[in-house]
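Data first, discussion second: the structure below is written as structure tokens.
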Amino acid sequence: MSYEHNYGSYEAADTHGSTIRKTCLYFLYYWVIFGIGTYLGQFVPPALQLPITIGLFVLIMISLFVKSSRKFGGLISNVFAFLIGVLSYTSFMYYLGALGTQAFYGNIALAIGAFAAFGILGYFMIDDASGLGKYLFVTLIALIFASLLGLFINNPIFHTVLSVIGIGLFLLYTVYDFNRMKLGNFSPREMGFNLFINLLNIIMHILRLASIIKD
């Protein structure tokens, strides 16, 4: 094996490692933006929550279906992380009151553990999960519209099914995204945001399911 080949392999591995480190920094960055939004959420009047929810839905649809929106991906991801933080304050307070402090943080820890476990599965144990992408996307669109419908349906079974599907979907997205990281098929900003969204949704769906079960 030549020196040039060894050096080239080392340089490629170093570049890949650097890209993953940048992804981790973006992941943490979006959690900071989310945290700022969550803190400020306590000052937002309840009357503004519905308009923010509608605005967030429009933002999601634009990012999913309008190709030209990719030019503004950085701005959209920052606005999304901030606004979802604003809306999450009320949800967190509700789940904290409904579950109690110990169960609330215990379920968050469970979500983080599941995220890490499925990330390891995707990165180290699956060769190529790229075939999952199209099926996950279709399921995501269905879940988004079902969740909107759920705003007008007060049925515990319906919301339980949504939560279970949501947990499964974003755990599989975690496998898919970590596998993309392994294969080098990603940009740090996009992947950092994707992983942030995956973990946030796993946390919220687990908290939602726990509160339904307790009730």
Side-chain angles (χ1 to χ4, degrees), residues 19 22-23 26-27 29-34 36-38 41 44 48-88 90-91 111 115 118-119 122 126 128-153 158-159 161-206 208:
T19 306
K22 288 179 182 177
T23 299
Y26 272 112
F27 174 72
Y29 165 77
Y30 285 117
W31 277 108
V32 170
I33 299 300
F34 172 83
I36 293 171
T38 303
V44 174
L48 288 180
Q49 290 192 0
L50 181 58
I52 293 174
T53 300
I54 294 172
L56 206 56
F57 174 75
V58 172
L59 196 62
I60 292 171
M61 292 298 102
I62 290 174
S63 64
L64 288 176
F65 295 110
V66 180
K67 290 184 179 180
S68 59
S69 67
R70 295 175 184 175
K71 294 184 292 185
F72 308 99
L75 175 62
I76 290 174
S77 58
N78 277 281
V79 172
F80 183 91
F82 177 78
L83 290 181
I84 199 69
V86 170
L87 292 176
S88 294
T90 302
S91 298
F115 172 81
F118 277 75
I126 296 178
D128 187 354
S130 57
L132 279 176
K134 56 186 177 182
Y135 301 109
L136 294 176
F137 181 75
V138 171
T139 307
L140 174 63
I141 298 303
L143 181 65
I144 290 172
F145 283 100
S147 297
L148 279 176
L149 185 62
L151 295 175
F152 308 99
I153 297 177
F158 180 81
H159 288 283
V161 171
L162 281 186
S163 296
V164 171
I165 292 174
I167 293 168
L169 174 64
F170 286 101
L171 285 175
L172 288 176
Y173 255 123
T174 300
V175 171
Y176 174 73
D177 286 331
F178 270 89
N179 190 256
R180 285 177 59 204
M181 288 175 63
K182 172 185 177 179
L183 299 176
N185 183 23
F186 68 100
S187 70
R189 181 192 58 76
E190 175 216 359
M191 186 57 69
F193 181 69
N194 285 353
L195 296 178
F196 157 72
I197 290 297
N198 291 346
L199 178 55
L200 176 61
N201 276 282
I202 294 167
I203 289 172
M204 298 305 286
H205 283 295
I206 284 180
R208 184 185 189 186

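As the structure is a computational prediction, the values presented were derived from the model and not from experiment.
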Check: Should we count OH of Tyr176 as having more than 12 external heavy atoms under 6.0 Å?
Finding: yes
Note to self: Is any side-chain heavy atom of Ile54 closer than 4.5 Å to one of Leu50?
What the structure shows: yes
Notebook entry, point to check: Is Ile202 close to Phe118 at the side-chain level, that is, under 4.5 Å between some pair of heavy atoms?
Noted result: no
Item checked: Atom pair CD1/OG1 of Ile33 and Thr38 - distance to nearest 0.5 Å -> 11.0 Å
Notebook entry, point to check: Is any side-chain heavy atom of Arg208 less than 4.5 Å from a side-chain heavy atom of Leu162?
Noted result: yes
Checklist line | Rounded distance (nearest 0.5 Å) linking atom CD1 of Ile36 with atom CH2 of Trp31 | finding: 13.5 Å
Next item on the list: Could you grab the distance from atom CD1 of Ile84 to atom CD1 of Ile197, nearest 0.5 Å is fine?
Entry: 7.0 Å
Item checked: Ile126: partners by side-chain contact (heavy atoms from CB on, under 4.5 Å), with sequence neighbours left out -> Leu121, Ala129, Val175, Asn179
Checklist line | Side-chain heavy atoms of Ile144 within contact of Leu64, under 4.5 Å | finding: yes
Item checked: Atom of Pro188, atom of Thr23 and distance for their closest heavy-atom approach -> CA-OG1, 3.3 Å
Note to self: Can you tell me how far apart CZ (Phe57) and CG (Leu59) are? Round to the nearest 0.5 Å.
What the structure shows: 11.5 Å
Check: Heavy-atom distance under 4.5 Å between the side chains of Ile141 and Phe65, does that happen here?
Finding: yes
Note to self: Counting neighbours of NZ on Lys182 that are heavy atoms of other residues, nucleotides or ligands and sit closer than 6.0 Å, is the number greater than 12?
What the structure shows: yes
Check: Will you find, in the side chains of Asn78 and Tyr29, an N or O donor that is under 3.5 Å from an N or O acceptor?
Finding: yes
Next item on the list: Calculate, to the nearest 0.5 Å, the distance between atoms CZ and CZ belonging to Phe196 and Phe34 respectively.
Entry: 5.5 Å
Check: Which word best sums up how the rings of Phe193 and Phe80 line up, parallel for under 30°, tilted for 30 to 60°, or perpendicular for over 60°?
Finding: perpendicular
Notebook entry, point to check: Which pair of non-hydrogen atoms, one from Tyr30 and one from Arg189, has the smallest distance, and what is that distance?
Noted result: OH-CG, 3.3 Å
Checklist line | Tyr173 side chain reached by Asn194 side chain, heavy atoms, under 4.5 Å | finding: no
Margin query: Any non-hydrogen side-chain atom of Phe186 less than 4.5 Å from a side-chain atom of Thr19?
Written below: yes
Next item on the list: Mind listing the closest non-hydrogen atom pair of Ile76 and Ser63 along with its distance?
Entry: CG2-CB, 4.3 Å
Next item on the list: Walk me through it: do Leu87 and Thr53 pass the test side-chain contact (heavy atoms from CB on, under 4.5 Å)?
Entry: CA-CA 8 Å; Leu87 292 176; Thr53 300; 3.7 Å; yes
Next item on the list: May I ask you to test the Leu195-Phe115 pair for a side-chain heavy-atom distance under 4.5 Å?
Entry: yes
Next item on the list: Test Val138 against Lys134 for side-chain contact (heavy atoms from CB on, under 4.5 Å), laying out the working first.
Entry: CA-CA 6 Å; Val138 171; Lys134 56 186 177 182; 5.7 Å; no
Next item on the list: Show your working on side-chain contact (heavy atoms from CB on, under 4.5 Å) between Ser91 and Met204 and close with a plain yes or no.
Entry: CA-CA 8 Å; Ser91 298; Met204 298 305 286; 3.5 Å; yes
Next item on the list: Mark yes or no for whether His205, through its side chain, and Leu169, through its backbone, hold a donor-acceptor pair below 3.5 Å.
Entry: no
Next item on the list: Hey, could you give me the CD1/CG distance between Ile60 and Leu148, rounded to the nearest 0.5 Å?
Entry: 8.5 Å
Item checked: Closest non-hydrogen atom pair between His159 and Ile153, with its separation -> NE2-O, 2.7 Å
Checklist line | Least distance between heavy atoms, Leu199 atom then Ala111 atom | finding: CD1-O, 4.1 Å
Next item on the list: Tell me, yes or no, whether the heavy-atom count around Phe158 atom CZ, taken from other residues, nucleotides or ligands under 6.0 Å, exceeds 12.
Entry: yes
